S.K.: 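This structure is in C-alpha cells; I'll ask about it shortly.
Chain letters run A, B, ... following the sequence lines, proteins first and then strands; every chain starts at 1. We use all heavy atoms of the structure for the numbers below, so side chains are in, but hydrogens, waters and symmetry mates are not. Because the structure is predicted, anything quoted here is derived from the model rather than measured.
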Amino acid sequence: MALRIYNTLSRRKEDFVPVKQGKVGMYSCGPTVYDYFHIGNARAFVVPDVIRRYLQYRGYEVTLVQNITDIDDKIIRRAAERGVTTNDVVSQYTQAFIDDRDALGIKAPDIQPRATDHVAGMIEMISGLIDKGLAYERNGDVYYDVSQFDEYGRLSNQNIDDLVAGARVDVGESKDDALDFTLWKAAKPGEPSWQSPWGPGRPGWHIECSVMSTKYLGATFDIHTGGVDLVFPHHENEVAQSHGANGTPPVKYWAHNGFINIDGQRMGKSLGNFRTVRDILKQYPGKVVRYFLISNHYRKPINFSDEELRMCAKALGRLEDAVSNALFALGIGAGAGPDPELAVWDQVRRLAASGEAGRADSESAAGRLDAAIAAARAQFEESMDDDFNTAGAIAALHELATAINTFVNQDMQGQREVAEAERSAAARAVLTMMELGDVVGIIEPGFMEAQRAGGARAEQDGEGGESGIGTDRLIQLLLDVRAEVRAAKLYQVSDMIRDRLGELGVVVEDTRDGARWKLVGK
RNA sequence: GGCGACAUAGCCAAGUGGUAAGGCAGCGGUCUGCAAAACCGCGAUUCCCCGGUUCAAAUCCGGGUGUCGCCUCCA
C-alpha cells in the first residue's frame, strides 16, 4: 500500500510521490530563539522528526532542513528587556533549543540554517521580486504586492476579499494594499540592521524560509511542515514569495500539525498558559513526553495534562518491560549470555539470525511468535502509511508486547530447556520491537542497550565506577544472598533486602528463573 | 462575518460502508511465601442529537447542538 499524506493545499490525503524518485526534501519551520520552547512547539518539532524517520524506514533518502530564526521583533524586545545584546539572547536559547530537542529524542536536521547567515540571499530574492514588479519599496520598507499573485489565499483556503476585511495595517506602514506583507523592514534606531539597496534594515518574517528552502532544497521540494497557525499568513506568504521568485510552486505537500491545548484552551505564549518542555522534563523523561506527543494523530488537537503524561509513562513502560522480560528470559546481557564478549544487541542479532522466521511450523510456539511479529509489523506499516498514524502504530507495538510477554511466560520462563528455535524467535521479536519503536523514536537503542540479564542499569557503572567494584555486581551479590535466605524461608530478611533496594530505586522482581532487577526513576 | 477542525467506554485514543483496535484506571481469575511483573476474562447492543441514502453507516448526505482554532506576533 502506498504512503498517503494529508495535504493542506488540497485538503485531502494524497499518494506520496516525491519530486525525485527515492529522495525527499523536507523543510520544517524551526524555533525563534527568544525563549525556552513549550510543549506545543515540541509537537511541531517531533512531527517532522517522525515523518523523516518513517520515510527513511521506507527507504527514502531524506534531507531535512530546519531554520533557526535568530532575528525578529521578539528577540529584539527580549534583549531590550534584559539589557543584553540580541546575540546573547540568541546564543542562550539556541543552546536551550538543542538541549531540549535532544532530550525529546529529536534528531538534528541535516541542515540547520540561521536567518542571519542568509541576509545576502534574502536581499537578492527581494531585489529579484522588485525587478519582476512583484514587490515595491516605500521609505526603506519593501512590500510584496499580493495583487500580483492570483493564487494568493489558496493554501489557507481564503478568498482575497475576506482576507482584506480582516487585515490590519500597522501605524507607520505605507503599504499600497492592506494584504501586502513586509519583505524588508527599514531599521529603527538601535536595532540590528544590514545594509541593503533600500537602506539599512532587516528581513521580514517570511522571507528567510523562502530563501533557505530554495537554497538547500531547490525551487520545488516535497514536504513542508509547521503548526496550523502558520498556514496563514506565514506559509501563504512563503508560497507567494517563492513562487514569485522561482516561478514554480515551492512545496508539493504541506503538512500542518494541530495544537496542544491546556484545560481545553489553546496553549500560547501570549496567553501565558504554556508549559515549557524544560519544565516538564523535570518530572518526566523525554521519551514519555515524546510518547505523549505521538499518542494522537498529528493533525488532531491534544489536551495536555499530568494525568495524560502519567498514562503515557505507564504505557511506554509496558513496551520497555516486554523487551527486558525477553532479554532476561534469554539470559542476554552485557557480560552474560552465551558469548559474554559480545555487546547485548550483537548477541540478540546473532541469535535472531540463527533461526529463520516462517520456517517453524505454525503450530509451534516459535511459529506463532513469528506470525505475531509479522502481524505487528504489517499493522505498524499500514498505520504509518496512512498519513503517519502514530496512534495506530503504537497499538501495533502493544500487540507485539503482549505476544512477547505471553511467549516468555508460557514458553520460556521456568522451562528446563528452551529450544534454539524459540530463543531465536524471541530474539526476533525483541529486535522488531526495537526497530519499530525507534522509527517513532520512543524506544531508544541507547537506553535499551543498557539492558542486561540482571535488569536495566544506569550508564555510569560499566566497569566498576569509582569503587572499582561495580554497582551491578553489588546488587547481584545482594540478590544472591537474598536467594539463599529465601530458600531458607527467612522472608523477613529477603523482604527487607527488596524494600531497601526499592528505596534506592532498584526494583526487584522474582520470577521462576530467579530474581531480576531494574532501575526506576529517571 | 469568512475559513476550518473536532465530538467513539470512567479517562486517553484508532477506526471513511460490512457489523467497535490499542493504552490507562477498575473488577474477577491464574501465577507468587508475599509483592511486583505477566497472562486470561469482564466493560461502549453502540460511536453528540434528529432525519435521509443503502441489504448494510461510527463511517455517506441534510439539518441541529457543543467544544476549539485560524482570519493579528504565535507551533
S.K.: Measuring to OP1 and OP2 of B/C39, would you say a side-chain N or O of A/R318 lies under 4.0 angstrom away?
M.R.: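 Yes, such a contact exists.
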S.K.: Identify whether a stacking contact exists between A/Y491 and B/G33, where the ring centres must be under 5.5 Å apart and the planes under 30° apart.
M.R.: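 Stacked: ring centres under 5.5 Å, planes under 30°.
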S.K.: For the C1' atoms, the ones on B/G28 and on B/G33, what distance do you get once it is rounded to whole angstrom?
M.R.: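 Those two atoms are separated by 23 Å.
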S.K.: Regarding A/D480 and A/Q476, is there a side-chain donor-to-acceptor distance under 3.5 Å anywhere?
M.R.: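 Checked: A/D480/A/Q476 side chains pair up, N/O donor to acceptor below 3.5 Å.
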S.K.: Counting Watson-Crick and G-U wobble pairs only, both distances under 3.5 Å, name the nucleotide matched with B/U19, or none.
M.R.: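 By the stated definition (distances under 3.5 Å), nothing pairs with B/U19.
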S.K.: Can a donor-acceptor pair be found, under 3.5 Å and without considering hydrogens, that links the side chain of A/D387 to the backbone of A/Y6?
M.R.: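 Such a contact is found between A/D387 side chain and A/Y6 backbone.
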S.K.: So A/K74, base contact, sugar-phosphate only, or nothing? Heavy-atom distance under 4.0 Å.
M.R.: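 The residue A/K74 makes sugar-phosphate contact but no base contact.
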S.K.: Now, which nucleotide makes the Watson-Crick or G-U wobble pair with B/C39, with each of the two distances under 3.5 Å?
M.R.: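 In the structure as shown, B/C39 has B/G29 as its Watson-Crick or wobble partner.
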S.K.: Please report the C-alpha distance between A/R498 and A/D495 in whole Å, then the side-chain angles of each, then the deciding distance to 0.1 Å, and finally whether the salt bridge (Lys or Arg N to Asp or Glu O under 4.0 Å) criterion is met.
M.R.: CA-CA 5 Å; A/R498 187 173 61 198; A/D495 287 353; 3.5 Å; yes
S.K.: Is the phosphate of B/G69 approached by A/Q265 (side-chain N or O, under 4.0 Å from OP1 or OP2)?
M.R.: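 True: A/Q265 side-chain N/O within range (under 4.0 Å) of B/G69 OP1/OP2.
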S.K.: What is the base-pairing partner of B/C60, counting Watson-Crick and G-U wobble geometry with both distances under 3.5 Å?
M.R.: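 Pairing partner, where one exists within any strand: B/G52.
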S.K.: At under 4.0 Å between heavy atoms, what does A/V508 touch on the DNA or RNA strands: base, sugar-phosphate, or nothing?
M.R.: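 Result for A/V508 = base.
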S.K.: Would one find a side-chain N or O of A/N409 under 4.0 angstrom from OP1 or OP2 of B/A38?
M.R.: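 No, because none of the side-chain N or O atoms of A/N409 sits under 4.0 Å from OP1 or OP2 of B/A38.
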S.K.: Return the nearest nucleotide to the side chain of A/T402; candidates are B/C70, B/A37, B/C39.
M.R.: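 Shortest atom-to-atom distance from the side chain points to B/C39.
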S.K.: Has the side chain of A/R202 got a donor or acceptor atom that lies under 3.5 Å from a matching backbone atom of A/I71?
M.R.: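 Between the backbone of A/I71 and the side chain of A/R202 there is no qualifying donor-acceptor contact (under 3.5 Å).
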S.K.: For B/C34, does the base pair up with any side-chain atom of A/R498 as donor and acceptor (N or O, under 3.5 Å, distance only)?
M.R.: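 It does, because a donor-acceptor pair links the side chain of A/R498 to the base of B/C34 below 3.5 Å.
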S.K.: Taking the side chain of A/N325 as its heavy atoms from C-beta onward, which of B/A37, B/A21, B/A75 lies nearest to it?
M.R.: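 For the A/N325 side chain, the nearest candidate turns out to be B/A37.
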S.K.: Checking only heavy atoms, does the side chain of A/D495 share a donor-acceptor pair with the base of B/G33 at less than 3.5 Å?
M.R.: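 Such a pair exists between side chain and base.
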S.K.: What's the closest nucleotide to the A/H38 side chain, out of B/C73, B/A75, B/C39?
M.R.: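 Given the options B/C73, B/A75, B/C39, the side chain of A/H38 is closest to B/A75.
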S.K.: On the side chain of A/R486, is there an atom forming a donor-acceptor pair with the base of B/G33 - under 3.5 Å, no angle test?
M.R.: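 Pair found.
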S.K.: Round to the nearest Å and state the distance from A/F292 atom CZ to B/A75 atom C1'.
M.R.: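 Distance, rounded to whole Å: 14 Å.
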S.K.: Give a yes or no on whether a donor-acceptor pair under 3.5 Å exists between the nucleobase atoms of B/C12, that is its base, and the side chain of A/N303.
M.R.: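 No pair found.
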S.K.: Nearest to the side chain of A/E399, heavy atoms from C-beta on, is which of B/G15, B/A25, B/G22?
M.R.: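 Comparing B/G15, B/A25, B/G22 against the side chain of A/E399, the answer is B/G22.
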S.K.: Find the partner of B/G1: check Watson-Crick (N1-N3 plus N6-O4 or O6-N4) and G-U wobble (N1-O2, O6-N3) distances, both under 3.5 Å, and reply none if neither fits.
M.R.: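 Across any shown strand, B/G1 pairs with B/C71.
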S.K.: Counting just side-chain N and O atoms, does A/N405 come under 4.0 Å of either OP1 or OP2 of B/C39?
M.R.: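 Yes, such a contact exists.
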S.K.: Out of B/C71, B/C39, B/C11, which nucleotide sits closest to the side chain of A/E307?
M.R.: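 Given the options B/C71, B/C39, B/C11, the side chain of A/E307 is closest to B/C11.
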S.K.: Check every atom of B/G2, B/C71, B/C24 against the side chain of A/Q158 and return the nucleotide holding the closest atom.
M.R.: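 Nearest nucleotide to the side chain: B/G2.
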S.K.: Please determine if a side-chain N or O atom of A/K300 lies less than 4.0 Å away from the OP1 or OP2 oxygen of B/A5.
M.R.: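 So the side-chain polar atoms of A/K300 never come under 4.0 Å of the phosphate oxygens OP1 or OP2 of B/A5.
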S.K.: A/H398 has an atom NE2; how far is it from atom P of B/A21, in whole Å?
M.R.: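 Those two atoms, NE2 and P, are 16 Å apart.
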S.K.: Might you confirm whether atom CD of A/E81 has over 12 heavy atoms from other residues, nucleotides or ligands at distances under 6.0 Å?
M.R.: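 More than 12 within 6.0 Å, yes.
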S.K.: Measuring from the side chain of A/L230 (C-beta onward, heavy atoms only), which nucleotide among B/G33, B/A75, B/C12 has the closest atom?
M.R.: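 When the side chain of A/L230 is considered, B/A75 is the closest of B/G33, B/A75, B/C12.
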S.K.: Given B/A38, is OP1 or OP2 found less than 4.0 Å from the side-chain N or O atoms of A/R512?
M.R.: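 A/R512 to B/A38 OP1/OP2: no side-chain N or O under 4.0 Å.
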S.K.: Take atom CZ of A/R4 and atom P of B/U16, then tell me their distance rounded to the nearest Å.
M.R.: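 Rounded to whole Å, this separation is 11 Å.
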S.K.: Which one is paired to B/A7, where only Watson-Crick or G-U wobble pairs with both distances under 3.5 angstrom count?
M.R.: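 By the stated definition (distances under 3.5 Å), B/U65 pairs with B/A7.
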S.K.: Which nucleotide, if any, forms a Watson-Crick or G-U wobble pair with B/U46, using both distances under 3.5 Å?
M.R.: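 The base-pairing partner of B/U46, which may sit in any strand shown, does not exist here.
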S.K.: Nearest of B/A37, B/C68, B/C70 to any side-chain atom of A/F232?
M.R.: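 The closest nucleotide is B/C70.
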S.K.: Does A/N157 have a side-chain nitrogen or oxygen under 4.0 Å from the phosphate oxygens OP1 or OP2 of B/G4?
M.R.: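 Yes, within the criterion.
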S.K.: Provide the distance between the two C1' atoms, one in B/C27 and one in B/U59, to the nearest whole Å.
M.R.: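 To the nearest whole Å, 32 Å.
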S.K.: With the side chain of A/R482 defined as its heavy atoms from C-beta on, choose the nearest nucleotide among B/G33, B/C24, B/A75.
M.R.: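 Looking only at heavy atoms from C-beta outward on A/R482, the closest nucleotide is B/G33.
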S.K.: Which class fits the ring pair A/F292 and A/F304: parallel under 30°, tilted 30 to 60°, perpendicular over 60°?
M.R.: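 Ring orientation of A/F292 relative to A/F304: perpendicular.
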S.K.: In terms of ring plane angle, is the pair A/Y54 and A/F388 parallel, tilted or perpendicular, where the classes change at 30° and 60°?
M.R.: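 Perpendicular, since the angle between the ring planes exceeds 60°.
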S.K.: Taking 4.0 Å as the cut-off, does a side-chain nitrogen or oxygen of A/Q379 come that near to OP1 or OP2 on B/A21?
M.R.: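 For B/A21, neither OP1 nor OP2 has a side-chain N or O of A/Q379 closer than 4.0 Å.
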